[in-house]
Amino acid sequence: MMIWLVILFPLLGAILNGLILRKVSPKVSHIVGSLSLVAAFVCAVMEFRHFIANGSTPLTYLGFNWIDAGGFHAPFKLLFDQLSGMMTLIITGIGSLIHIYAGGYMHEEKRTSRFFAYLNLFVFMMLLLVLGENLLIMFVGWEGVGLCSYLLIGYWFSDDNNAAAGMKAFLVNRIGDIGFLLGIFLTYKFFGTISFGELREIFLGSGSLTEAQMGVVGWITLCLFIGACGKSAQLPLYVWLPDAMAGPTPVSALIHAATMVTAGIVMMTRTNFMFYMAPNTMMIVAWVGAATALFAATIGVVQTDIKKVLAYSTVSQLGYMVMACGVGAFDAGMFHVFTHACFKALLFMGAGSVIVAMHHEQDMRMMGGLKKYMPITHAVMLVGVLAIIGFPGLSGFFSKDEILWKAFVGGGPVLWGMGAIAAGFTSFYMVRLLCLTFYGNNRSDHHTQEHLHETSAVMWAPLIVLAIMSATVGYLGVPAVLGFLPNYFEHYMAPVLGIPAAAKEHWAFMHEHHSHALEYALMGTSIAIMFVSAGTAFAWYRNGIGIKPIALGKKFPNLYELVLEKYRVDEFYDAKVVQPLRDMSMFLYKIIDVNVIDGTVNAIGHGLNLIAGIASFKMSGSLHRHAMVIVLGIICLLTVLAF
Amino acid sequence: MAVSLQHYMVLATILFTCGVIGVMFRRNLLMVLMSIELMLNAANLVFIAASRNVNGLDGQVMVFIVMTVAACEAAVGLAMVIALFRKYGTIRTDFLRVLRG
Amino acid sequence: MFALALFYSIAALLVFCAVMVVSRRNPISSAIYLVISLFLVACLYATLGADFAAAIQVLVYAGAIMVLFLFVIMLLNLDPEHLRGPEMHGGEIVVLLLTIGGFLGIVIAMATAAPTLPSGIFTLDAIEKVGGNTLVVGMKLLVNYIWAFEMASFLILLAIVASIVIAKKPKAEVPSTTERGH
C-alpha cells in the first residue's frame with residue numbers, strides 16, 4: 001500500500017506544479033515540490049521497514065493489468081526487494097535534499113513551477129524504473145527519465161546551446177534504447193516472459209535452459225548492455241553527459257550524478273542472472289567500463305569549467321560501476337552507486353553554491369581563495385573530494401577499493417591497472433578542482449569579489465547532511481579483508497544475485513578464498529597512488545594554475561590540445577554520423593519529397609483540372625438545356641420502372 | 001363499354017406528353033411554366049379517376065393538396081420570372097446562362 | 001352510352017386545347033387555351049363525381065393561377081423575340097420522338113393491363129346518403145389528413161413570403177439617415 005504513495009507523491013507534485021500552480025511564486029512551487037519528495041521518502045522508509053519486517057522477501061504489488069494480448073503479459077506491477085528498496089531510498093532521500101537545495105539555487109528565477117514539475121516527474125519516472133516488476137515497466141521509466149532529462153537540460157531553452165544539449169542527450173540515449181528494446185524483444189521471443197520474477201525462476205530454478213535459449217542469452221545481454229551504455233554514459237555513448245551540464249546544477253546533481261545515470265547499472269543488476277550466463281558479454285562489459293573510467297579521467301584533468309570536471313568524473317566513476325558488473329561483482333557496483341550518489345550529489349551541489357556565489361561564473365581560472373568567503377561550502381566540498389579520491393575512512397575508499405579488488409580477481413592485473421591509473425587521475429583532478437576553487441588568491445574581478453558570501457541555509461543544510469553521509473555510509477560495506485565490521489551491504493544484496501547452475505563453474509572464482517596479503521598489497525598501492533597524485537595536484541595548483549602544469553602543457557602541445565579537445569570525439573561523431581545523416585535527409589527532401597511526392601500530387605491535381613476543362617465545354621448552362629436533361633431523365637426513369 | 005380507368009389514364013398520358021413537349025421545346029419561360037401546369041393537371045386527373053375506381057376518397061384529398069402546391073409553385077415561379085426579367089432583360093431559356101459551369 | 005360519348009367529346013376538346021397551349025406563338029393565346037383546358041378538366045372531375053375537386057379546380061386553377069399568369073404576361077410587355085412558338089434545334093427531334101414513343105408505350109402497356117384493386121366503401125350512392133361529396137371529402141381532409149392540410153397552409157405562407165421577397169423591386173441607393181453618425 002505504502003508503495004503506491006511513494007510513486008504517487010512525486011506524480012502529484014508534478015501535476016500540481018505543472019498544470020495547476022503555473023503562476024505561483026517560486027517559494028510555493030519549491031515547497032510543493034520538496035514536500036512531495038519528503039513525503040515520498042517517508043513512505044519509502046515505512047515501506048522499507050515493512051519489507052525488512054517481512055523477512056526481506058521480495059514484495060510484489062499489482063496495479064492493474066496493463067497489457068494482456070495473446071501470450072504477452074505486461075501488468076503494471078511493482079517489485080520491492082533489496083535492490084529496488086535501496087534505490088528508492090536513495091532516489092527519494094537524496095532527491096529531497098536536492099529539491100530543498102534547488103529552491104535556493106533557483107531563487108533568481110521568476111517562475112519555478114515548470115522546474116519543480118519536471119523534477120518531480122523525473123523522480124516519478126525513476127521510481128518506476130527501479131520498482132518495475134517487468135522489463136516493460138522499467139522501459140517506461142527508462143524513457144520517462146530520458147524525457148525529463150531532455151526537458152531539464154534544456155530548461156533555459158532560449159539559449160540555443162542548451163536546447164541543443166538537451167536534444168543531444170535525448171538522441172544519444174535513443175541509440176542505446178534501441179539496444180534495450182531489442183533485448184526486450186529477444187527476451188520475450190525466447191523466454192516467453194518479460195517479468196523479472198518469472199525470468200529469475202527460469203534461470204535459477206530447477207529447470208534447465210534449451211540450446212536456443214543458452215545461445216541467445218549472450219545476444220540479449222549485449223543488447224541490454226548497449227542500452228546501459230546509452231543511459232550510463234559508457235564509452236561510445238557518453239558524449240551527452242558533459243554537454244548536459246548546460247542544465248541547472250540541481251539537475252546535474254540529481255539526474256546526472258545520483259540517479260538517472262545509474263539506471264544502466266541498476267538494470268544490469270536486475271538481470272544479473274542473465275549476465276552470469278553470458279561470460280563473453282561480461283568481458284566486454286568489464287573492458288568497456290575500465291576503458292571509460294580511464295578515458296574520462298584523462299579528459300577531466302585539463303578541464304577548466306568546474307561542472308565539466310565533475311561531469312567527466314561522473315563518466316569515469318560510472319565506468320567503475322560498469323566494470324564491477326562486468327567481473328560479476330554486482331553488489332560492489334551497487335555499493336559504489338550508493339556512495340557515489342552521496343558524494344557526487346554533494347560535489348555538484350557544492351559547485352552549484354560556488355557558481356551562485358560567483359554570479360554564475362563557472363570557469364575555475366576565475367575563482368580561487370573562496371575558502372575564506374564560503375567556509376561551510378569549503379568544508380563540505382573537502383569532505384566530498386576526500387570521499388571521491390578514496391581517502392581511507394571515507395565511503396569512497398571502501399566502495400572503490402572493493403571494485404578494484406574484484407576487478408583484479410575477476411579480470412586480471414591489466415583491468416586493475418586501468419582502474420588504478422584512473423583513480424590516480426581522479427585524485428589529481430579533484431584536488432586540482434578544490435585548490436583552484438578554494439585556495440590561493442581570488443582571481444575574479446573586483447565587483448564579484450565584493451559580493452562573495454556564503455550561500456543561504458537552504459543551500460548548505462542539505463550539503464551538511466550529504467557530507468555526513470559521504471563520510472559514514474562507507475562503513476556499511478567494509479571489505480571482508482579489513483574485518484573490523486561485517487560487510488552489511490554484501491549480505492544485504494546477496495539474495496538479489498544468483499548464478500545459474502550452468503554458469504556456476506565459470507564464476508566459481510568469486511567464492512574462492514583469495515590471498516589476504518595480495519589484497520592488502522593492492523589496497524596499499526592504490527592508497528599510495530592516491531596520496532602521490534593528490535599531493536602533486538596540491539603542490540601544482542594551491543595558488544592558482546602553477547608554473548609546472550603550464551610548462552608540462554608547453555612541452556607536449558599536441559597531446560595537451562588533443563586531451564583539451566576531449567580527443568575530438570564529438571567532432572568525429574559529427575563528421576561520420578551527423579553530417580551523412582544531414583546530407584541524406586537533404587537529399588531525401590530535395591529530390592524525393594519535392595520532386596517525386598509533391599510532383600505526383602500536383603500532377604494529379606493538374607490532370608483533374610484538365611479533365612474538368614474538357615468536360616466543362618459540354619455545360620452551356622442555359623435553362624433550356626437543364627429542362628431538356630430533366631425531362632430525358634424522367635423518361636429514362638419511367639421506362640426503366642415500367643419494364 | 002363504360003368509361004373505365006384506362007380511358008382516363010390514356011387521356012392523362014396524352015395531356016402529360018403535351019406538357020412535356022411544351023417544356024422541352026418552348027423557349028419562353030412563361031410557356032414552360034404553363035406546360036408544367038398542364039402536367040400537374042394530367043396527374044390530378046389520374047388521381048381522381050383512380051379514386052373513383054376504387055371507391056375511395058384519398059385521391060380527391062390528394063388532388064386538393066396537389067392543387068395547393070401547384071398554386072404556390074406558380075406564384076413563386078412567376079415571381080422569379082419577374083425578377084429574372086428585371087435583371088437580365090430576357091426570359092428566353094436558352095439565353096439565360098447564369099448557371100454555366 | 002351517354003357517359004362514353006360525353007367523355008370522348010370532352011377528351012377530344014381537351015387534347016385539342018392542350019396542343020394549342022403548347023403550339024401558340026402568343027402567350028396570351030396559350031393562356032386562354034390553358035384556361036379552357038382547365039375548365040374541361042373540371043368537367044371531367046364532375047363526371048367522376050368529384051364535385052368538390054371540380055369546384056376547387058375552377059376557383060383556384062382557372063380563377064386564380066391563370067389570372068396570375070395573365071397579369072405577369074401583360075406586366076412583362078414582351079417583345080417579338082419572346083413570341084416565337086416552339087423551336088426545335090437539330091438533335092432535339094430525336095428527343096421528341098423518344099418522348100412520344102415512350103409515352104405511347106406507356107399507354108399501350110396500360111391499355112392492355114387491367115389493374116385489380118380492392119374496392120373501398122365510398123361508392124356514389126353511399127356518398128349521396130351521407131351528405132354529399134363535399135362533406136365526405138371535407139371530413140376526410142380534416143380528420144385523416146389534418147397534418148397534410150396544416151402543412152399545405154404553411155406552404156402557402158412560405159410561398160407568399162417567397163414571392164414577395166423575390167419579386168420586390170431592388171432598393172435604389174438612398175443615403176441612410178443614420179449615416180452622418182447620429
Side-chain angles (χ1 to χ4, degrees), chain B residues 1-3 5-11 13-22 24-28 30-31 33-35 37-38 41 44-45 48-49 51-57 60-61 63-65 67-76 78-83 85-86 90-92, chain C residues 3-4 7 11 14-15 18-19 21-22 27 30-31 34 37-38 41 44-45 48-50 52-53 56 60-61 64-65 68-69 72-73 76 82 84 86-88 92 95-96 99-100 103 106-107 110-111 117-123 136-137 140-141 145 148 152 155-156 159 162-163 166-167:
Chain B
M1 181 174 74
V3 186
L5 180 60
Q6 276 83 350
H7 287 98
Y8 286 100
M9 286 182 94
V10 171
L11 176 60
T13 311
I14 296 173
L15 286 178
F16 193 83
T17 316
C18 290
V20 167
I21 292 175
M24 285 201 290
F25 297 117
R26 295 304 302 248
R27 297 292 191 257
N28 191 331
L30 285 166
M31 294 308 306
L33 283 172
M34 285 199 259
S35 312
E37 296 299 323
L38 201 48
N41 272 283
N44 278 352
L45 188 57
I48 301 280
S51 143
R52 166 61 28 230
N53 189 284
V54 300
N55 285 327
L57 280 180
Q60 299 188 24
V61 172
V63 163
F64 186 81
I65 305 296
M67 248 183 254
T68 313
V69 172
C72 299
E73 167 249 325
V76 176
L78 289 169
M80 284 205 268
V81 165
I82 294 178
F85 187 73
R86 202 178 278 140
T90 178
I91 49 169
R92 278 187 59 102
Chain C
L4 202 61
F7 171 75
L14 192 49
V15 171
V19 173
V21 165
V22 176
S30 297
L34 188 53
S37 330
L38 293 173
V41 168
L44 279 178
Y45 289 170
L48 282 168
F52 185 60
I56 292 296
V60 171
Y61 250 121
I65 296 178
L68 186 60
F69 260 104
V72 172
I73 294 171
L76 291 181
H82 287 102
R84 281 232 224 122
E87 290 177 39
M88 222 187 311
E92 287 168 11
V95 184
L96 174 68
T99 317
I100 299 180
F103 283 108
I106 296 176
V107 164
M110 280 190 299
L117 298 159
S119 195
I121 53 166
F122 291 98
T123 56
V136 183
V137 170
K140 194 119 183 118
L141 187 61
Y145 294 98
L155 186 64
I156 296 175
S163 50
I166 293 174

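Order of the sequence lines fixes the chain letters, A, B, ..., with proteins taken first and strands second; residue numbering starts at 1 for each chain.
- For the set C/Ala53, C/Ala162, C/Ala148, C/Ser30, the count of heavy-atom pairs under 4.5 angstrom toward chain B peaks at C/Ser30.
- Expressed to the nearest 0.5 Å, how far CD of B/Gln60 lies from NZ of C/Lys140 amounts to 10.5 Å.
- For chain B, the nearby part of C/Leu38 is the side chain; its heavy atoms alone come within less than 4.5 Å.
- With a threshold of 4.5 angstrom between heavy atoms, B/Glu37 approaches chain C through its backbone and through its side chain.
- Between atom CG of residue B/Asn44 and atom CG of residue C/Leu44 there is a gap of 12.0 Å, rounded to the nearest 0.5 Å.
- Of the two parts of B/Leu11, only the side chain, counted from C-beta on, holds a non-hydrogen atom closer than 4.5 Å to a non-hydrogen atom of chain C.
- By the side-chain hydrogen bond (donor to acceptor under 3.5 Å, both in side chains) test, B/Arg26 is found to be paired with no residue, residues two or more places apart in sequence or in another chain being considered.
- In terms of non-hydrogen atom pairs under 4.5 Å with chain C, the most contact-rich of B/Thr13, B/Asn41, B/Thr17 is B/Asn41.
- With a threshold of 4.5 angstrom between heavy atoms, C/Leu34 approaches chain B through side-chain atoms but not through N, CA, C or O.
- For the options C/Val15, C/Val21, C/Thr123, heavy-atom pairs under 4.5 Å to chain B are most numerous at C/Thr123.
- The CG atom of B/Leu15 sits 12.0 Å away from atom OG of B/Ser35, with the distance rounded to the nearest 0.5 Å.
- Relative orientation of the C/Phe52 and B/Phe64 rings is parallel, given thresholds of 30° and 60° on the angle between their planes.
- Here the straight-line distance linking atom CG of B/Leu30 with atom CZ of C/Phe69 works out to 6.5 Å at 0.5 Å rounding.
- Looking only at heavy-atom pairs under 4.5 Å with chain B, the residue among C/Leu76, C/Ile166, C/Leu48, C/Ile65 that has the most is C/Leu48.
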Evaluate the criterion side-chain contact (heavy atoms from CB on, under 4.5 Å) for residue pair B/Ile82 and B/Leu78; output intermediate values, then yes/no. CA-CA 6 Å; B/Ile82 294 178; B/Leu78 289 169; 5.7 Å; no

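- Ranked by heavy-atom pairs under 4.5 Å with chain C, the list B/Ala83, B/Gly19, B/Cys72 is led by B/Cys72.
- Only the side chain of B/Met31 comes within less than 4.5 Å of a heavy atom in chain C; its backbone stays farther off.
- For the atom pair CD (B/Glu73) and CG (C/Leu155), the distance works out to 10.5 Å, reported to the nearest 0.5 Å.
- For B/Arg92, the parts lying under 4.5 angstrom from a heavy atom of chain C are both the backbone and the side chain.
- Using a 4.5 Å cut-off between heavy atoms, B/Val20 touches chain C through its side chain atoms alone.
- Both the backbone and the side chain of C/Ala31 come within contact range of chain B, each with at least one heavy atom under 4.5 Å from a heavy atom of that chain.
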Take B/Val63 and B/Leu45 through the test side-chain contact (heavy atoms from CB on, under 4.5 Å) and record every step on the way to the result. CA-CA 8 Å; B/Val63 163; B/Leu45 188 57; over 6 Å; no

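- Qualifying ring pair (Phe, Tyr, Trp, His ring centres under 6.0 Å) partners for C/Tyr45, counting only residues two or more places apart in sequence or in other chains: none.
- In this structure, the portion of C/Tyr145 lying under 4.5 Å from any heavy atom of chain B is its side chain and not its backbone.
- Going from atom CD1 of B/Ile91 over to atom CG of B/Asn28 covers 4.5 Å, rounded to the nearest 0.5 Å.
- Of the atoms belonging to B/Ile48, heavy atoms from both backbone and side chain fall under 4.5 Å from chain C.
- For a residue to count as touching a neighbouring chain, one of its non-hydrogen atoms must lie under 4.5 Å from one of that chain's; by this rule B/Tyr8 touches chain C with backbone and side chain alike.
- With a 4.5 angstrom heavy-atom cutoff, B/Thr90 touches chain C via backbone and side-chain atoms both.
- Residues C/Ser37 and C/Leu14 approach most closely at O-CD1, 3.4 Å, considering heavy atoms.
- Contacts with chain B were tallied for C/Gly49, C/Ala50, C/Pro27, C/Ala3; C/Ala50 has the most, counting heavy-atom pairs under 4.5 Å.
- With chain B as partner, the option from C/Val41, C/Val60, C/Ile156 having the largest number of non-hydrogen pairs under 4.5 angstrom is C/Ile156.
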